[in-house]
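Values in this document were obtained by computation on a predicted structure and should not be read as measured data.
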Amino acid sequence: MALWRVSGSLWKASRWLPAAARASSVWANVPEGPPDAIFGLVEACNKDPRPEKVNLSIGAYRDSEGRPFVLSTVRKAERMVVEEDLDKEYAGIMGYEAMRRAAVELALGKDDESVNNKLYSTAQTVSGTGALRVAGIFYNKFLPQDKTIYLPNPSWGNHSQVFRACGLDVKSYRYYDSKTCAFDATGAYEDLSKLPEKSAVLFHACAHNPTGVDMKLEEWAEVSKICKQRSLYVLVDMAYQGFATGDLDRDAAGLRLMAKDGHKLILCQSFSKNMGLYGERLGAVTFLCGSESEQKAVESQVKIIIRPLWSNPPIHGARIALRILQRPELYSEWLEEMKLMSGRIMEMRTGLKEGLIKEGSTRDWSHITDQIGMFCYSGMSPEQVERLKNEFAIYMTKDGRISMVSLTPLNLGYVAKAMHEVTK
């Protein structure tokens, strides 16, 4: 590179390059990455000029007119927070103690043995994704043997990305039977029974994403038994408590069975769906422990993991959630709002199935109403999904997953007609 002498000093010729050229050359070797599977679709749909377009990809609740929905209880709680004129101090590495306690009680119940004996460590996290990240790093540091986690096939798309980013290998066990559109109990039991001892395995607590297919309680019992026989490390991801059926206890039944059976599991929670606090990023990660000394050791390591991640969690969403969980009048109203949301989703499931039958479809669409929660695994092929996008401006993920919360009385008929056209 040429050097120039200016006023007795040596200067590199590149100093006279335009600022934009100098800046672009620094990262010239960085390749462009692929768009996110979900948010890439949102972007494409937003740019689509066709007025009839429908976005069935994003998992965020909408009202019957397709508008973002803020719970009445959230509005009331937020006004309380503002009127209390609170400070903006850090919540501490683990978050607010009251929020941590409220989260674990909501999940496991106030009568749970670990909760009453304080044999747990809960940290407030940056939603459910943050909780999973903490769990993944913890597994990478402390799994005694193979650094592998086993996910149901299929599972939430971000699960594998999060755990690989934590340095874990990601493998799967059978979960969904594409022929019956139901839980593959035989395949799941067989695969879990063959996992290496002391492996980590993940289960969805309820409203399995992306299939909407949940295990029955007797199936949870069999899975719990197998996990104990193989000494498996259990992680339960619970993003939809109360949002799936409208009943907090029913949605947590499988998790509570595992805890009662003695599994010292890790629980990841999100309040994005059941409280609609999507952008507030409120979640929690809980470790069930066997003794007081174990609890102290685990909590010390969780703090070490969190400190370089986000250091301290966001506080605004936690303050809102606490007022809803701690004030009886808000809590009762919140329970009714969850029933309203889950009820609307069930209505859309019924409406879509009936709409397909009305269009003349002879396929068996019973799985639409058999499944539960925010998503429906439609059984459509990637080619059929592509046709929906190209011919009808209907956007969904390639695996045929439909976000049921994006269906409304206004677009239900159009979607049913389009689905019939590409599947007949």
Side-chain angles (χ1 to χ4, degrees), residues 37 107 128-178 180 182-240 254-259 261-270 285-288 298 305 373 375 377 399 401:
T129 305
L132 290 162
R133 190 64 181 259
V134 172
I137 296 173
F138 192 93
Y139 275 151
N140 192 3
K141 292 177 73 172
F142 300 110
L143 279 178
Q145 297 177 17
D146 192 18
K147 308 296 184 182
T148 301
I149 187 165
Y150 291 82
L151 308 178
N153 183 22
S155 195
W156 179 45
N158 211 25
H159 275 149
S160 58
Q161 295 185 74
V162 168
F163 293 126
R164 287 194 180 102
C166 295
L168 298 175
D169 289 331
V170 177
K171 297 181 181 179
S172 64
Y173 61 91
R174 282 174 286 177
Y175 184 87
Y176 177 76
D177 186 338
S178 58
T180 62
F183 175 55
D184 183 0
T186 302
Y189 300 159
E190 184 179 338
D191 286 357
L192 291 170
S193 297
K194 293 179 180 178
L195 294 188
E197 287 192 356
K198 298 185 178 179
S199 296
V201 60
L202 180 145
F203 301 102
H204 297 232
C206 59
H208 180 277
N209 180 1
T211 70
V213 173
D214 285 354
M215 291 187 283
K216 299 180 177 68
L217 202 56
E218 59 268 24
E219 292 166 337
W220 273 103
E222 182 62 25
V223 163
S224 176
K225 177 183 173 183
I226 295 169
C227 288
K228 293 193 82 170
Q229 289 171 345
R230 303 299 298 165
S231 301
L232 301 181
Y233 288 74
V234 174
L235 189 158
V236 179
D237 187 8
M238 187 159 66
Y240 301 97
L255 162 71
R256 293 176 184 179
L257 182 148
M258 296 286 270
D261 279 355
H263 294 280
K264 302 310 174 191
L265 54 82
I266 301 178
L267 166 66
C268 297
Q269 287 172 269
S270 169
V285 60
T286 294
F287 296 74
L288 299 188
V298 167
I305 291 170
F375 301 108
Y377 223 41
D399 57 7
R401 186 194 78 168

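Here OG of Ser224 is found 11.0 Å from CG of Leu192. Values are rounded to the nearest 0.5 Å. With rounding to the nearest 0.5 angstrom, the CD atom of Glu190 is 11.0 Å from the CG atom of Leu195. Atoms OG and NZ, from Ser193 and Lys225 in turn, are 9.5 Å apart once rounded to the nearest 0.5 Å. The CG atom of Asp191 sits 10.0 Å away from atom CD1 of Ile226, with the distance rounded to the nearest 0.5 Å.
The list of salt bridge (charged side-chain N to carboxylate O under 4.0 Å, His left out) pairs with a residue in residues 139-156, not counting sequence neighbours, is empty.
Residues Ile266 and Tyr139 have side chains in contact (heavy-atom distance under 4.5 Å, counting atoms from C-beta outward). Taking 4.5 Å as the limit, some side-chain heavy atom of Leu132 sits within range of a side-chain heavy atom of Leu202. Contact of the Pro154 side chain with the Thr211 side chain is registered, since non-hydrogen atoms from C-beta on lie closer than 4.5 Å. Looking at heavy atoms from C-beta onward, Val298 lies in side-chain contact with Phe138 at the 4.5 angstrom threshold. Put simply, the side chain of Arg133 does not reach to within 4.5 Å of the side chain of Thr129, judged on heavy atoms. By the 4.5 Å heavy-atom criterion applied to side chains, Phe203 and Tyr173 are counted as neighbours. Counting only heavy atoms from C-beta outward, the side chains of Asn209 and Tyr240 approach each other to under 4.5 Å.
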With a 3.5 Å cut-off and sequence neighbours excluded, list the donor-acceptor pairs that the side chains of residues 157-171 form with protein atoms.
from	atom 1	to	atom 2	distance (Å)
His159	ND1	Ser155	OG	2.7
His159	NE2	Asp237	OD2	2.7
Ser160	OG	Gly157	O	3.4

Under 3.5 Å, sequence neighbours excluded: what are the donor-acceptor pairs made by side chains of residues 212-221?
from	atom 1	to	atom 2	distance (Å)
Asp214	OD1	Ala207	N	3.0
Asp214	OD1	His208	N	2.9
Asp214	OD2	Ala207	N	2.7
Glu219	OE1	Lys216	N	2.7

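Lys228 and His263 get closest at one heavy-atom pair: CG-CE1, 3.2 Å. The minimum heavy-atom distance between Leu232 and Pro196, with the atom names listed, is CD2-O, 3.6 Å. When all heavy atoms are compared, the tightest approach of Cys227 to Met258 is SG-CE, 4.4 Å. In terms of heavy atoms, Lys198 sits closest to Leu143 at O-CD2, 4.3 Å. Closest of all the heavy-atom pairs between Leu265 and Ala259 is CD2-N, 4.1 Å. Scanning both residues, Pro210 and Phe375, for their nearest heavy atoms gives O-CB, 3.6 Å.
Partners of Arg230 according to the side-chain hydrogen bond (donor to acceptor under 3.5 Å, both in side chains) rule, which considers only residues two or more places apart in sequence or in another chain, do not exist here. With sequence neighbours left out, Tyr233 forms a ring pair (Phe, Tyr, Trp, His ring centres under 6.0 Å) with no residue at all. Partners of Tyr377 by ring pair (Phe, Tyr, Trp, His ring centres under 6.0 Å), not counting sequence neighbours, listed by chain and number: Tyr176. Scanning for side chain to side chain contact (heavy atoms under 4.5 Å, CB included) contacts around Ala205 gives Val236, Met238, with sequence neighbours left out. Listed by chain and residue number, Arg174, Asp177, Thr186 satisfy the side chain to side chain contact (heavy atoms under 4.5 Å, CB included) test with Asp184 (two or more places apart in sequence, or in another chain).
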